[in-house]
A.B. asks: 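Have a look at the structure that comes next, please.
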Amino acid sequence: MNVNQSLALIRQGTAEIIGEAELAAKLKTGKLLKVKYGADPSAPDLHLGHTVVLRKLRQLQEMGHTVQFLIGDFTSLIGDPSGRSATRPPMTPEEIQVNAQTYQDQVFKILLPEKTEVVFNSRWCQPMNFSDVIRLAGRYTVARIMERDDFQKRYQAGRPIGLHELLYPLIQGYDSVVLRSDLELCGTDQIFNCLVARALQVDDGQEPEAIIAMPLLEGLDGVNKMSKSLGNTIGITETAQDIYGKVMSIPDELMMKYFELLTDIPVDELKKMLLDWESGQLHPRKLKARLAHTLVAQYHTLQAANQAEQEFDRIFTNSELPREIPEKVLARTILHDGKLWIVRLLHDTGLVSSKSEAQRMLRQGAVQVNQQKIKDAELDVPITDGTVIQVGKRKFVKIKLTSG
RNA sequence: GGACAGGUGGCCGAGCGGUCAAUGGCAACAGACUGUAAAUCUGUCGGGCGCAGCCCUACGAAGGUUCAAAUCCUUCCCUGUCCA
């Protein structure tokens, strides 16, 4: 593969490349690049949003380049001193260790271990003293820091910005200085930090790293970027059934983007799919089912994907009971004449969080016992071993009675 | 240090003495419909009670005024803006 071909491949699916000329020049020398990627150990579970960037990294690895997988343990160690953001409490070194391990285990579902160098930024951040920090801070200006969209918006909206937050881009930039990175990958929301890295590298007498920014993947709501704090993620370690179902629940408009950024299906084929969909030859449901199937197969197995698909059709298309229903043990002694009040039943099986909710669900017609809809909140229902209770479309429980 | 503006349910945001468990939006959940856990429409959405009703706990915190407080007063905590 010559340099132009590699560049074309690298460019695929990216949102923006900064310093492309330098990148091309470096590639021409045949040099193998050090590609930095920063990860936050506070939320170690990978979701499809992460995989957009990880897949690009994998592609670069296959070209021979090395990934510097940087775990930003230092900032997690400090936490967020303003105490405002509950999502960033300081973490203990042990927690970080555990999370980092989880992270690595998951990351190697995509990255090649032999081409990955895992580094922790506490290694060089921790020993810095206050004068080091001041010196570092002196290498950038307030005006330039405030260019960041996020800061600007918050400032204009009169929202608090902790002083330490202004320092975070500097820390990340400094990481690149220490690692002498040639290229950094990130989501478009992180471009600012990478730009700081370039400036600091130049200040240090290095060549600035190139930046490849990948598009942000919208989550289940179809609007916001996929992120754990928004609860709109599809995690790669989730069950086959959940991944399948969640993918089926994304808005139709998002399908092609998911195909493009998350699967290996060639661009030409995707184009054809889109045409067929638009012309009405291909039903959108089928298209989405293929997406769901492909993604499950990617993170589980082909077999699991087939099964998940069957199960999904079973439950939602044919409204049948799932193949496997979680069992819930109930003591026979709470029954009266083999019966139990429906509200209590729903509550005790954990299908609803309160009895008031049970009442509501009954009123709304969401409750079924052995496939029979129940609306009467006064009813005592006969319970036997294997009675199946359902609330809504997705919650099922099978009763197991004990004599105790 | 001074002046001013704020802190309300998972989030955003109304209310500014009684009719407030608190309008509205988002999220969530349910139902209908369908092509899916898409879209759309409708409904629910603090907790308890065998529940068209009643009872608890809630509007930054603690006290107070009042028959009655999210709403008024005092102190404290927190946030922002401007001035220094």
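In what follows, chains carry the letters A, B, and so on, assigned in the order in which the sequence lines appear, proteins first and then strands, with residues in each chain numbered from 1. Note that the coordinates shown come from a computational prediction; the quantities given were computed from them, not determined experimentally.
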A.B. asks: Rounding to a whole Å, what distance do you find between A:Y155:OH and B:U81:P?
C.D. replies: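 Going from OH in A:Y155 over to P in B:U81 covers 5 Å.
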A.B. asks: Please report the distance, rounded to the nearest Å, between NZ in A:K228 and P in B:A27.
C.D. replies: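 Whole-Å distance recorded here is 22 Å.
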A.B. asks: Tell which nucleotide pairs with B:A27, taking only Watson-Crick or G-U wobble pairs whose two distances are both under 3.5 angstrom.
C.D. replies: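 Paired with no nucleotide.
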A.B. asks: When rounded to the nearest 0.5 angstrom, what is the spacing between CE in A:M63 and OG in A:S6?
C.D. replies: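 Those atoms lie 5.0 Å apart.
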A.B. asks: Taking side chain as C-beta onward, heavy atoms only, is A:Y299 less than 4.5 Å from A:I110?
C.D. replies: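 Yes. Closest side-chain heavy atoms under 4.5 Å.
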A.B. asks: Output the rounded distance in Å from CG (A:D376) to P (B:C51).
C.D. replies: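 In whole Å, B:C51 P and A:D376 CG are 13 Å from each other.
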A.B. asks: Expressed in whole Å, how much space separates the P atoms belonging to B:C4 and B:C59?
C.D. replies: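 27 Å, rounded to whole Å.
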A.B. asks: For A:M255 and B:A38, give me the distance from atom CE to atom C1', rounded to whole Å.
C.D. replies: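 Roughly 8 Å, once rounded to whole Å.
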A.B. asks: Of the options B:U79, B:C29, B:G35, whose atoms approach the side-chain atoms of A:R394 most closely?
C.D. replies: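 Ranking B:U79, B:C29, B:G35 by closest atom to the A:R394 side chain puts B:C29 first.
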A.B. asks: Give a yes/no verdict on base stacking between B:A37 and A:F316: centres under 5.5 Å, planes within less than 30° of parallel.
C.D. replies: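 The ring of A:F316 is not stacked on B:A37.
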A.B. asks: Tell me whether A:R285 is salt-bridged to A:D313, with the criterion being a basic N under 4.0 Å from an acidic carboxylate O.
C.D. replies: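 The answer is yes: the pair qualifies as a salt bridge.
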A.B. asks: Is A:R11 salt-bridged to A:E20, going by a charged N under 4.0 Å from an acidic O?
C.D. replies: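 Counted as a salt bridge, because a side-chain N and a carboxylate O are separated by less than 4.0 Å.
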A.B. asks: With a 3.5 Å limit on both atom pairs, tell me what B:C51 is paired to, counting Watson-Crick and G-U wobble, or say none.
C.D. replies: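 Check on B:C51: unpaired, no WC or wobble geometry under 3.5 Å.
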A.B. asks: Return yes if the base of B:G31 and the side-chain atoms of A:Q364 contain a donor-acceptor N/O pair under 3.5 Å, otherwise no.
C.D. replies: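 Such a pair does not exist between side chain and base.
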